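Nothing here was measured: the structure is a model prediction, and the numbers come from that model. Below, chain A is the first sequence line, B the second, and so on; all start at residue 1. Only this structure's heavy atoms are used, side chains among them; waters, hydrogens and symmetry mates stay out.
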2 protein chains.
Amino acid sequence: MNSPYSGESASPYSSDQSIGVPSPPTVVAAFNRPYDAIHHDGPYINILEQPQSKFRFRYKSEMVGTHGQLKADRAEKNRAAFPTVKLSKWNSGPAVIRLTLYTAEDNINQRKRHVHELSGKNCNKETGICEVVVDEKSDYTAVFQNLGIIHIAKRDTREIIKQRKLEELMTLARVRKPHHSNEEIRRSITPTDLKKIDEEAEEEAKSMDLNKVVLRFQAFQYDKNIESYRPITLPVDSDVVFNLKNATTGELKIVRMSACSAPCTGGTEIWLLVEKVRRNNVHIKFFELDENDREVWKAYGEFADADVHHQYAIVFRTPRYRVTNLSTSVRVKVQLERPTDKDTSEALDFTYLPDSLKRPRINLENTLEEGKPHFSDLPPAKRFNISSYTNEAIDLSNNSKLPLVFVNS
Amino acid sequence: MNSPYSGESASPYSSDQSIGVPSPPTVVAAFNRPYDAIHHDGPYINILEQPQSKFRFRYKSEMVGTHGQLKADRAEKNRAAFPTVKLSKWNSGPAVIRLTLYTAEDNINQRKRHVHELSGKNCNKETGICEVVVDEKSDYTAVFQNLGIIHIAKRDTREIIKQRKLEELMTLARVRKPHHSNEEIRRSITPTDLKKIDEEAEEEAKSMDLNKVVLRFQAFQYDKNIESYRPITLPVDSDVVFNLKNATTGELKIVRMSACSAPCTGGTEIWLLVEKVRRNNVHIKFFELDENDREVWKAYGEFADADVHHQYAIVFRTPRYRVTNLSTSVRVKVQLERPTDKDTSEALDFTYLPDSLKRPRINLENTLEEGKPHFSDLPPAKRFNISSYTNEAIDLSNNSKLPLVFVNS
DNA sequence: ATATGGGGAATCCCCACAG
DNA sequence: TAATGGGGAATCCCCGTGC
């Protein structure tokens with residue numbers, strides 16, 4: 001009954017902001033843009049430079065040496081820029097801006113403290129939290145150079161979350177019962193509390209996406225009266241930062257393409273070398289833009305699961321173009337597309353050629369050996385599209401869905 | 001001075017066979033074939049079925065459930081066979097055949113006990129050693145069904161080797177000083193001994209190849225006089241078993257090839273999808289056999305490091321055939337070849353075609369857009385080999401050594 | 001050397017299929 | 001309903017390149 005959980009507020013997280021400091025801020029931002037806060041009378045944090053959206057998170061084991069810092073989204077290769085925030089509508093002396101990693105749920109209210117940590121200058125090695133002082137001299141602006149994101153191993157997440165929850169619970173209890181000794185505080189935590197924490201930690205660990213984070217900023221000032229820091233702004237979250245080394249959030253890229261034109265009738269086999277994709281989570285999109293860059297047509301390359309070779313190569317067939325009676329060739333675009341997050345690779349040029357059947361047929365059969373199929377055995381779209389010795393493609397995997405053109409004995 | 005290391009024999013391993021049992025056998029085989037042992041008067045172990053040469057070693061963490069056993073080298077998919085040995089020239093009652101994993105140095109005398117363990121029926125969970133009883137009923141033959149090879153993580157090897165050496169040292173000391181108490185034995189091991197063990201373990205761990213093992217067999221019989229087992233044969237090693245899940249020892253395989261014929265003049269670009277290769281450790285070998293299966297010609301596909309895409313794809317150019325004035329096509333073979341161990345993939349058929357320049361030229365330039373190079377700009381070997389829209393290959397990696405045919409804007 | 005980036009090795013997890 | 005085989009995710013290690 002004297003469990004900290006059994007106080008008047010349903011959740012320990014709902015306690016008011018004005019006391020618990022410098023434990024991590026837990027009230028989530030109701031806004032993400034400075035102008036959303038105009039109705040709010042006090043100071044606020046203004047994100048001047050968003051972090052880059054793709055960045056490789058590093059494991060602790062990779063923390064020997066250094067591996068480059070999180071840059072600003074709009075950083076150029078020559079002119080580096082870094083995540084930057086400004087404390088606005090504030091001129092009451094030095095303040096601390098605290099930066100903590102949070103989870104990246106779409107619904108801001110569901111975001112929680114992330115297990116991942118920040119590394120670099122101004123970052124606390126224990127907590128993985130970064131704090132910098134801003135003042136008039138710096139125009140109340142904090143530039144976060146030298147940030148790294150430490151990828152906490154999945155196997156450690158449950159325990160870390162549990163410890164943090166325990167910590168929180170004890171802090172809360174201390175606030176509620178300032179006259180109690182540490183020993184009493186510890187004993188006030190019941191087995192039921194512990195069980196609850198265990199379960200919550202389990203659940204949170206399981207649902208935490210280790211491949212995205214947001215940076216949560218909040219400003220604090222030292223208050224002599226309470227001899228500690230208290231928040232002077234609501235927290236604000238940055239855009240999502242995705243882990244670059246990951247097939248579901250990493251960068252989509254076509255590294256090499258075996259051909260960049262094909263007949264408008266479709267069905268041409270093309271080979272792609274790509275960066276880490278997941279066979280069930282990638283499409284090859286062909287599309288056409290009008291002069292105003294509006295998409296006027298799109299279609300997808302065709303391939304089966306078995307045509308994706310170990311996340312790094314895709315053998316597919318071109319889709320038919322929207323018109324098949326072209327008299328001149330048409331330039332369109334191709335790109336990879338990832339259904340889960342709608343992300344796309346850079347788009348490459350691709351040329352649709354007039355229907356080859358309308359061009360003079362050339363008989364090359366005399367160059368074929370006996371025992372090989374004649375061109376006329378092939379589907380129309382293939383019949384002309386390559387000369388004898390490149391038309392052949394053999395497939396030794398026994399689960400390919402595509403018909404073979406030739407089979408080796 | 002009373003260190004076990006300071007006894008008369010230089011190495012603790014050189015003590016005579018007749019005492020130390022059932023500690024693992026340590027004297028290496030002087031022979032590997034039964035007929036090598038004919039001059040040897042006593043019983044010997046005869047390997048009737050060698051183990052398969054490629055097998056996936058499994059980590060302890062993979063030992064939930066089962067993943068198939070080590071088969072015999074000549075096992076068919078329908079008719080499974082297993083590593084089998086026979087105790088020959090022996091008819092003095094039941095004996096134990098012990099199977100232990102050893103390292104696979106070419107020089108048998110350098111082989112050491114391997115850190116990897118055996119799993120399955122008859123295998124000791126602590127030691128990873130397998131022992132089965134043979135007798136007249138079984139014709140003194142042991143069939144090792146149900147064997148798995150447990151891959152010990154590299155980070156654990158040093159400590160394991162160290163513990164084993166310590167164990168050995170204490171066993172040796174006990175044999176030398178049977179009247180001493182365990183406590184005394186332990187104290188007889190000096191810091192110098194420990195240091196030496198540490199260093200040896202470090203060195204052995206570093207040099208141990210975790211991707212190959214041999215099975216070492218030796219037979220033992222229970223001796224009532226000494227109340228323990230003693231060896232009745234020399235040990236014999238099986239052929240090497242390579243870890244299948246490894247780029248330097250795993251199976252070489254061409255999964256898919258973009259074309260299986262090209263002109264004899266060489267230089268045709270071909271794409272391969274392959275299983276895990278290492279860019280600096282793979283060649284693409286073209287070769288020709290005469291009617292007696294003697295190799296009469298070979299040449300290698302040309303590619304740069306950058307043409308190997310993440311261990312799974314290779315874009316290369318065909319070598320010129322030994323004759324370039326063919327009037328009919330010639331069938332040769334292609335296969336992957338791994339320099340380090342001379343291993344090769346299955347060979348595929350490949351056809352060299354008569355020089356395309358001798359065939360009628362076909363002008364398809366009217367299908368090309370302006371701004372693209374004309375065929376005549378291409379090297380001769382490329383000029384004819386594919387029609388306009390498949391001759392294009394774009395390369396977006398900025399480190400490719402090969403000239404691009406077209407470059408996207 | 002040290003800072004940055006990146007490839008892939010080593011380890012671990014889990015799915016699909018054929019019983 | 002466990003035995004088999006295999007792909008790839010998660011973790012970790014180390015190399016080439018440019019100060």
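- Partner of A:His283 under the ring pair (Phe, Tyr, Trp, His ring centres under 6.0 Å) criterion, chosen from A:Tyr300, A:Phe303, A:Phe316: A:Tyr300.
- Using a 4.5 Å heavy-atom cutoff, the side chains of A:His114 and A:Ile152 are not in contact.
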Could you list all N or O pairs between the protein and nucleotides 17-19 of chain C that sit under 3.5 Å apart?
none

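- When the options B:Thr249, B:Asn211, B:Thr248 are evaluated for a side-chain hydrogen bond (donor to acceptor under 3.5 Å, both in side chains) with B:Asn243, the one that passes is B:Asn211.
- When rounded to the nearest whole Å, the span between CZ of B:Phe57 and P of C:dA10 equals 13 Å.
- Phosphate proximity of D:dG5 to B:Lys71: present, with a side-chain N or O under 4.0 Å from OP1 or OP2.
- For A:Asp343 and A:Lys54, the salt-bridge test passes: some basic side-chain N is under 4.0 Å from an acidic carboxylate O.
- In this structure, the nucleotide among D:dT11, C:dT11, C:dC12 sitting nearest to the side chain of B:Glu62 is C:dC12.
- Using a 4.0 Å cut-off, some side-chain N or O of B:His151 falls inside it from OP1 or OP2 of C:dT11.
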Side chains of residues 117-128 of chain B: which donor-acceptor partners sit under 3.5 Å, not counting sequence neighbours?
| unit_1 | atom_1 | unit_2 | atom_2 | d |
| --- | --- | --- | --- | --- |
| B:Asn124 | OD1 | B:Glu126 | N | 2.6 |
| B:Asn124 | OD1 | B:Thr127 | N | 3.0 |
| B:Thr127 | OG1 | B:Ile129 | N | 3.2 |

Convert the base pairs of DNA chain D into dot-bracket notation, remembering that pairs crossing earlier ones are written with [ ] and that bases paired across to another strand are shown as |; include only Watson-Crick or G-U pairs under 3.5 Å. ...||||||.|||||.|..

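- Distance, B:His310 NE2 to C:dA9 P: 12 Å, rounded to whole Å.
- If you measure from atom NZ of B:Lys54 to atom C1' of D:dG5, you get 17 Å, rounded to the nearest angstrom.
- Here the P atom of nucleotide C:dA3 and the CG atom of A:Leu70 are 18 Å apart, to the nearest Å.
- Using a 4.0 Å cut-off, no side-chain N or O of A:Tyr59 falls inside it from OP1 or OP2 of D:dC12.
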Salt bridge (Lys or Arg N to Asp or Glu O under 4.0 Å) between B:Glu62 and B:Lys245, worked out: CA-CA 13 Å; B:Glu62 294 184 282; B:Lys245 176 112 180 178; over 6 Å; no

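- Summary of the strand contacts: B:Ala247 and A:Gly65 both lie near DNA chain C, and taking for each the nucleotide with the nearest heavy atom, the more 5' one is attributed to A:Gly65.
- Only the C1' atoms considered, C:dC14 is 16 Å distant from D:dT1, to the nearest whole Å.
- Salt-bridge check for B:Lys112 with B:Glu105: passed, with a basic side-chain N closer than 4.0 Å to an acidic carboxylate O.
- Paired with B:Val241 under the rule side-chain contact (heavy atoms from CB on, under 4.5 Å), one option of B:Leu70, B:Leu147, B:Leu101, B:Asp73 passes, and it is B:Leu70.
- Neither OP1 nor OP2 of C:dA3 sits under 4.0 Å from any side-chain N or O of A:Thr66.
- For A:Ala153 and B:Gly68, each mapped to the nucleotide of DNA chain D holding its nearest heavy atom, the one lying further toward the 5' end belongs to B:Gly68.
- Residue B:Arg155 places at least one side-chain N or O under 4.0 Å from the OP1 or OP2 atom of C:dC12.
- Proximity note for B:His67 (side chain, C-beta onward) versus C:dT4, D:dG6, D:dA10: the nearest is D:dG6.
- Rounded to an integer number of Å, the gap from CG of A:Asn280 to P of D:dA9 is 11 Å.
- The side chain of B:Lys276 sits closest to C:dA9 out of D:dA10, C:dT11, C:dA9.
- Phosphate contact (OP1/OP2 of C:dA9, side-chain N/O of B:Gln311, threshold under 4.0 Å): present.
- No engagement by A:Lys60 is indicated, since no non-hydrogen atom pair under 4.0 Å with the nucleic acid exists.
- Ring pair A:His116/A:His151 is tilted by interplanar angle, where 30° to 60° counts as tilted.
- Under a cutoff of 6.0 Å and an axis angle of 45°, A:Arg111 and A:Tyr102 do not form a cation-pi pair.
- A sub-4.0 Å separation between OP1 or OP2 of C:dA10 and a side-chain N or O of B:Asn246 is present.
- Note: NZ (A:Lys245) to P (D:dT11) measures 12 Å, nearest angstrom.
- B:Thr344 approaches B:Glu337 most closely through the heavy-atom pair CG2-CG, 4.0 Å.
- Between the CE atom of B:Met63 and the P atom of C:dT11 there is a distance of 14 Å, given to the nearest Å.
- At a threshold of 4.0 angstrom between heavy atoms, the contacts of A:Arg56 include nucleobase atoms, whether or not backbone atoms are also involved.
- Between the CZ atom of A:Arg58 and the C1' atom of C:dG6 there is a distance of 7 Å, rounded to whole Å.
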